[in-house]
Amino acid sequence: MSELSVNHLLGIKYLKKKDIDLIFETADHFKEVINRSIKKVPTLRDITIANIFFENSTRTKLSFELAEKRLSADVINFSASQSSVKKGETLIDTVNNILSMKVDMVVMRHPNPGAGIFLSKNVKAAIVNAGDGAHEHPTQALLDSYSIRERLGDVGGKKVVIVGDILHSRVALSNIFALQLQGAEVKVCGPKTLIPKYIESLGVTVETNLEKALQWCDVANMLRIQNERLDISYFPSTREYTQQFGLNKAMLKRLDKEIVVMHPGPINRGVEITSDVADSGQSIILDQVENGVAVRMAVIYLLASKIK
Amino acid sequence: MNVLLKSAKIVAPEQPEYHLKKRDILIREGKITSIASKIEDATVENISYKNLHVSLGWFDSSVCFGEPGYEERETIDHGLDVAAKSGFTDIVLNPNTKPSPNANSTIVFLKNRANHKLTGLHPLGNFTIDAKGVDLAELYDMKSAGAVAFYDYKRAIANPNLLKIGLQYAQNFDGLIYSFPMDVKIKGKGIVNEGKVSTTLGLKGIPALAEELQVSRDLFLLEYTGGKLHIPTISTAGSVKLIAAAKKKGLNVSCSVAVHNLILTDESLTEFETSYKVMPPLRTKKDVLALLKGLENGTIDLVTTDHTPIDVEQKKVEFDNAEYGSIGLESGFGLINQAMGMETAISLLTKGRSIYGIEEPDWKEGSDANLTLFNPEGEHVFNAEKIWSTSKNTAFLNTKIKGTVYGTINNNKYMKSL
C-alpha cells in the first residue's frame, strides 16, 4: 500500500508530487463517503486527535473536526490565545501536557511561522499544520488544488492567478508550492505593497493589473485582505483597493473565456469579490469548503496509518 | 607568573625579525624577559605543545555576558575565563545588561568585577540614558571611569539630531560613538534577511536597505560633525561600499563584522533553527563575499565573534519568539582560521585595540606579556563538548573548524585551554 513520504504535514514544500496524488486519490474515496447517508467510517477508532488553535479560526477548525469525527477519531479541542501562552507556559510544554493524555496527532494553528516544524522536532506526535503565521496552510492549498482538479480535470498546465494580500498570506505561499509541484503556472496580483519583493524568486510572475491577470488565467483565487496582520497602511482605503483589485461580474463578462473563481474564505463581499461573482456558476467557493473535509480526512487518515 | 615557552613559532607579521621563526620565550613576573633561539631555565614552568604557535593576545570588540541582570546567560567572571581559554586577552563588553551602564558607577562596577582576571574587560557605556534614544548619557563621566565607547546596544539611533549632537559633544574628550546600522522604520517587524528565504518561510524580512540607509545617513552626519563614529556589525555588501567611500574621503569611521555574518547565509534558516537568529540577520552569499573582501582590503576594521550568550529558555522556542544572538568566543579562531588562513586570521585577531584607546601589546623585551598560544593546524568538528560558555546557543554546532587554542598569557597570569 502506498504511503506518504512524510510523517507530519508541515507544509507543501516538504511534499512530493506523489504525496499529493495519493492524498487526492484518498480524498476521492472520502468525498464519496461524506455524500452517503451514513457519512462516517470507523477507520480511526483508536486514534485521538487534539486540535490546538492558538489563533482564531472557524471554518478550518470546523472542517478538521468534522473530518476527524467522520473518521471516528476521538477529538479534543484546545483554544489558547497567544496571551495565555505568554503567561509562561511554552508551546512544547502546552502540547506535551496534552500529549500526556495519550493523544496521537496534533492539528495546530499558530501565529508564528515555523511553529509546526518546531513542534514536530520537540514532541512525539504526528503534526498537521493548520496554518503557521505567514508561512504555510497546506491543507488549504491541497483542497484548492483538489477543487481545481475536480472542476478542470487536471491541475497540470493550468494558469492560476492569486489575487490580493500575498505578503501576509500563508494560503498564497502554500498554493504557489502546491500548484507548481503539479505543473501549473502561477501569477500573483495585487498592490506592490502587498507582494513580497522577492516573490519572483519562487518562480511566479507578478501582475499589478487585475484585468490583465484575469485575461491570462484559467483560475483566479481571490484572497481576503488580512486586516488583522497589517501593521501599517499598505493602501489608502478599502474603497480604493476594491476599485483596483475587486473582482466583479462586468470584469468576468469582458473576458473572452470562462474562468474559475475561488476564494479560501471568509469572503468580504463587495471588497475583493462581489456577491454576483461569489454566487455565480463560475465560483467554486462552496465546493472548496466541501472538499476541505474530504481532503483533511485523507491527510489525517494517511498520517494516522503511518503512526500504526 | 614565570613560564618558558619552548620552541614556539611566532606569528607577528608586523615584526619581521620574529615572524614565523621558532623561538623560546621567557616570561618572568608577567613580562617578556627574553626571546631567543634557545633558552634553558629549569626554575620556571616550561611550556611545550605540538606545533606551538604564539601571537600577541587576541582582541574581540563585541562580547556580551549578562551580568548584571542576566547572570543566567553568563557571569563576568566565568565569561572572562571563557574568553581567555578561547584565546582572547582583551574584550570590549557590550552594554547588554540590566540595568545597562548609564553612569560612572555602573562602569566602575564592571571594571571591578574584572579585576585580577587574565582577560582585560573594556566596557561600553550607553549612548543615551537607558538606551532609550532620548537624552545623552553622561559620556565624559563614563569615559573617566573606563568606558571605551558609547553604544545603545543593537538599538538604532532613530533621531539623527541626537547622533549629530553626540558626535559633536564627544569630540571634547575624543569619545567614540557607536551607531547600530538599522533604520527601524524600514526594518519594521522584520527578523531575518529579506530575500528568497524569508519569502519561502513566511518570515518577515529586513531588507539590506534598512542597514544601508542608516549607514548612509550616519556617514552624512559624520561628515558634517567630524568626530569618531563606529558602526558595529555590518552585514551587507552595500554597507561595505558606503564605508569604503567614506574612508576614502577621510572620515574617521570604523566598523566591524561578526564571524557568523562572514561564514553563514540566510540559507541556514530553512528549518527555522533559532540558533541562526542573529542581529543583524544572516544575509546572502553576495554579502558574505563583499564582507570578506572588505576585511581583506581594510574597509572593515574588525572581525568579532559578537559573542551573545542566551539561555535555552529564550532560544528553544518558536522562531518569532526567540532572542537574537549566538555565542562565538570558543569557535571564533577556528572559523576565521579555516576561512581566511592563519596569517590573515592572526592579523585580524590582534588588531583594533587602538580604535578604543586600549594599550596595544608588543614583543619588546621588558613589556607585559600579552600572548595567545595556539596550533593553527588540525581540522576538527566544533561540538557541544567544546563549549565552555554557560549558554550553549551557538550557530556553529557540528561545523568544521581549524586549529586549537592552547592558552593565553596576560596580566601576569597564564591560563591553559585544554
Side-chain angles (χ1 to χ4, degrees), chain A residues 10-14 54 82 85-86 88-95 108 110-122 129 131-138 166-174 176-177 180 188 193 195-204 206 229-232 234, chain B residues 183-213 236 238 265-277 281-287 310-324 393 397:
Chain A
L10 301 173
I12 299 290
K13 63 171 158 302
Y14 309 106
F54 292 97
Q82 205 26 11
V85 173
K86 276 190 180 151
E89 196 174 44
T90 66
L91 175 59
I92 299 175
D93 287 336
T94 304
V95 175
M108 182 174 76
H110 198 281
N112 298 138
I117 292 155
F118 172 68
L119 201 60
S120 72
K121 288 180 181 170
N122 290 291
N129 177 7
D132 58 337
H135 178 223
E136 286 226 36
H137 189 355
I166 312 297
L167 186 65
H168 300 96
S169 175
R170 53 194 170 213
V171 174
L173 208 51
S174 282
I176 289 169
F177 297 139
Q180 287 179 336
V188 295
T193 49
I195 293 178
K197 184 171 163 64
Y198 293 92
I199 194 81
E200 284 172 331
S201 66
L202 305 187
V204 305
V206 176
R229 293 187 198 278
L230 305 188
D231 46 351
I232 55 165
Y234 288 85
Chain B
D183 183 298
V184 288
K185 293 290 181 190
I186 297 285
K187 172 185 174 281
K189 291 181 178 168
I191 52 173
V192 298
N193 178 54
E194 183 190 64
K196 183 179 179 181
V197 174
S198 68
T199 308
T200 308
L201 299 180
L203 289 171
K204 284 210 188 327
I206 304 173
L209 172 72
E211 178 171 316
E212 290 153 13
L213 205 56
T236 77
T265 68
D266 60 353
E267 300 280 341
S268 303
L269 292 165
T270 46
E271 292 285 305
F272 296 91
E273 187 45 67
T274 59
S275 52
Y276 300 115
K277 185 174 176 184
L282 300 177
R283 299 286 187 181
T284 65
K285 189 84 198 155
K286 184 186 121 215
D287 297 301
I310 302 290
D311 48 291
V312 64
E313 284 77 14
Q314 309 299 323
K315 271 292 190 185
K316 196 176 173 184
V317 291
E318 304 88 312
F319 195 88
D320 275 355
N321 299 337
E323 287 278 346
Y324 293 101
N393 56 306
L397 202 61

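Naming convention: chains lettered A, B, ... in sequence-line order (proteins, then strands); numbering from 1 in each chain. Only a predicted model underlies this, so the values are computations on that prediction, with no experimental measurement involved.
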Side chain to side chain, A:Glu200 and B:Thr199, heavy atoms closer than 4.5 Å | no

NE2 on A:His135 to CG on B:Asp320, rounded to 0.5 Å | 11.5 Å

Gap between atom CD of B:Glu318 and atom CD1 of A:Ile92 - 0.5 Å precision | 8.0 Å

Using a 4.5 Å cut-off on heavy atoms from C-beta on, say whether the side chain of B:Val317 contacts that of A:Leu91.
-> no

Would you mind checking which part of A:Phe118 comes under 4.5 Å of any heavy atom in chain B, side chain (CB onward), backbone (N, CA, C, O), both or neither?
-> side chain

Measure the spacing between CG of A:Leu10 and CZ of B:Phe272 and express it to the nearest 0.5 Å.
-> 9.5 Å

Using non-hydrogen atoms only, which part of A:Ile117 is less than 4.5 Å away from chain B: side chain, backbone, both, or neither?
-> side chain

Nearest-0.5 Å distance that lies between atom NZ in A:Lys121 and atom CD in B:Glu273 | 5.5 Å

Side-chain touch B:Leu203/A:Pro113, heavy atoms, less than 4.5 angstrom = yes

Spacing of A:Tyr198 atom OH and B:Thr200 atom OG1 [to the nearest 0.5 Å] | 12.5 Å

Portion of B:Glu271 that has a non-hydrogen atom of chain A nearer than 4.5 angstrom | both

